[in-house]
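Everything below concerns the one structure shown next.
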Amino acid sequence: MDYPVVLSDNTAYYLTHSFTGKQSKLGTLFSLNKTDYQTPGRNIAIYGHHITNTCSGELMFRPLLSFKKKTFYENHSVIYLDSLYHTGIYKVFAVVNLVKGEWDPSTASFASDADFLAFIRQAQARSLYDTGVEVTSADRILTLITCDRSYAAADGRLIVLAVEQ
């Protein structure tokens, strides 16, 4: 996947418009304004559709659904993120299915190291499989979020969490 990401709380707009502003069922990958790319923050969360445009071949976040199988993870465990401020290499540590509203995987700031580690442990406990990847209180993570209708119809979500290397 190689797409631009916008920073905005206008989720309704970016779910239905391309990066260039054109109407699009693919939408645009986006992060909420609480996400800090510049420092960067402890959790960079990116949302996106998992649909495919059959005309252009654009996949958006559709490949994330492949992470539900551990064999896919074993061959594709590294994610690269380039932003205006930072280039990061991340290793997937958890793959989570959940129902929208059950848990906030986009939490961007944490009151303490203990709160951050509780968030990490929550992700690991919910993970579809154990990756064996360790995350410490000093780490930063990347969280990719998409719909997963095969899990809980319209409210199903698939979350792929990765720790910066």
Side-chain angles (χ1 to χ4, degrees), residues 1 3 5-18 24-37 40-53 58-79 81 90-135 137 139-164:
M1 298 177 288
Y3 299 105
V5 178
V6 297
L7 188 62
S8 175
D9 285 336
N10 191 353
T11 60
Y13 180 82
Y14 285 109
L15 286 172
T16 59
H17 288 80
S18 72
S24 170
K25 69 177 185 173
L26 294 175
T28 299
L29 301 183
F30 64 88
S31 291
L32 300 175
N33 281 333
K34 65 183 178 181
T35 304
D36 179 5
Y37 280 88
R42 280 193 149 161
N43 184 13
I44 293 175
I46 302 172
Y47 291 84
H49 284 309
H50 75 279
I51 56 179
T52 302
N53 182 333
E58 289 181 277
L59 299 172
M60 301 310 283
F61 268 3
R62 184 163 199 83
L64 293 182
L65 296 178
S66 298
F67 277 104
K68 291 174 80 168
K69 296 179 183 164
K70 191 172 184 181
T71 53
F72 181 85
Y73 158 80
E74 290 167 348
N75 293 307
H76 302 89
S77 63
V78 175
I79 299 170
L81 177 68
Y90 297 82
K91 175 94 172 173
V92 174
F93 72 87
V95 178
V96 176
N97 266 133
L98 57 85
V99 174
K100 180 181 174 183
E102 203 173 70
W103 177 60
D104 182 9
S106 71
T107 300
S109 60
F110 302 87
S112 66
D113 287 348
D115 287 348
F116 178 67
L117 288 175
F119 177 89
I120 297 302
R121 301 300 168 248
Q122 173 85 265
Q124 291 171 324
R126 291 172 169 264
S127 188
L128 299 176
Y129 46 83
D130 182 8
T131 64
V133 175
E134 294 293 320
V135 182
S137 62
D139 286 324
R140 293 188 300 240
I141 63 172
L142 172 66
T143 303
L144 307 178
I145 306 164
T146 194
C147 294
D148 184 358
R149 299 199 189 304
S150 69
Y151 178 72
D155 289 333
R157 299 291 180 268
L158 181 73
I159 319 301
V160 176
L161 299 104
V163 61
E164 190 169 27

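Every heavy atom of this structure was used, including side-chain atoms; hydrogens, water molecules and symmetry mates were not. Sequential numbering from 1 along the given sequence is applied to the chain's residues.
When side chains are defined from C-beta on, Ile159 does not count as touching Arg126, because their heavy atoms never get closer than 4.5 Å. Residues Val99 and Tyr151 have side chains in contact (heavy-atom distance under 4.5 Å, counting atoms from C-beta outward). In this structure, the side chains of Asp139 and Ile120 stay at 4.5 Å or more apart for every pair of heavy atoms. At least one side-chain heavy atom of Leu98 sits under 4.5 Å from a side-chain heavy atom of Arg157. For the pair Leu81/Glu164, no side-chain contact is recorded, criterion being any heavy-atom separation below 4.5 Å from C-beta on.
Checking side-chain atoms of Ser77 against main-chain N and O of Val92 turns up no donor-acceptor pair under 3.5 Å. Listed for the Thr146 side chain is a donor-acceptor partner under 3.5 Å among the backbone atoms of His50. At distances below 3.5 Å, at least one donor-acceptor pair connects side-chain atoms of Thr131 with backbone N or O atoms of Phe93. Side chain of Asn43 to main chain of Arg140: no donor-acceptor pair is present (N/O by atom type, distance under 3.5 Å, no hydrogens or angles). When atom types are taken as modelled, the side chain of Ser24 and the backbone of Thr16 share no donor-acceptor pair closer than 3.5 angstrom.
Ring geometry for Tyr73 against Tyr129 counts as tilted: the plane angle lies between 30° and 60°, on a 0 to 90° scale. Note: Phe30 and Tyr47 have parallel aromatic rings, judged against thresholds of 30 and 60 degrees for the angle between ring planes.
Checked against ring pair (Phe, Tyr, Trp, His ring centres under 6.0 Å), Tyr13 has the following partners two or more places apart in sequence or in another chain: His17.
Residue pairs meeting the side chain to side chain donor-acceptor pair (under 3.5 Å) criterion with at least one partner in residues 108-120, sequence neighbours excluded, are Arg42-Asp113.
In Lys100, the NZ atom is not crowded: 12 or fewer heavy atoms of neighbouring residues, nucleotides or ligands sit closer than 6.0 Å.
The closest side-chain donor-acceptor pair between Ser106 and Lys34 falls under 3.5 angstrom.
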Could you go through Phe116 and Ile141, starting from their C-alpha distance and side-chain angles, then the distance that decides it, and tell me whether this counts as side chain to side chain contact (heavy atoms under 4.5 Å, CB included)? CA-CA 10 Å; Phe116 178 67; Ile141 63 172; 4.2 Å; yes
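Checked options Ile46, Val96, Leu64; the residue passing with Val160 is Leu64 (criterion: side-chain contact (heavy atoms from CB on, under 4.5 Å)).
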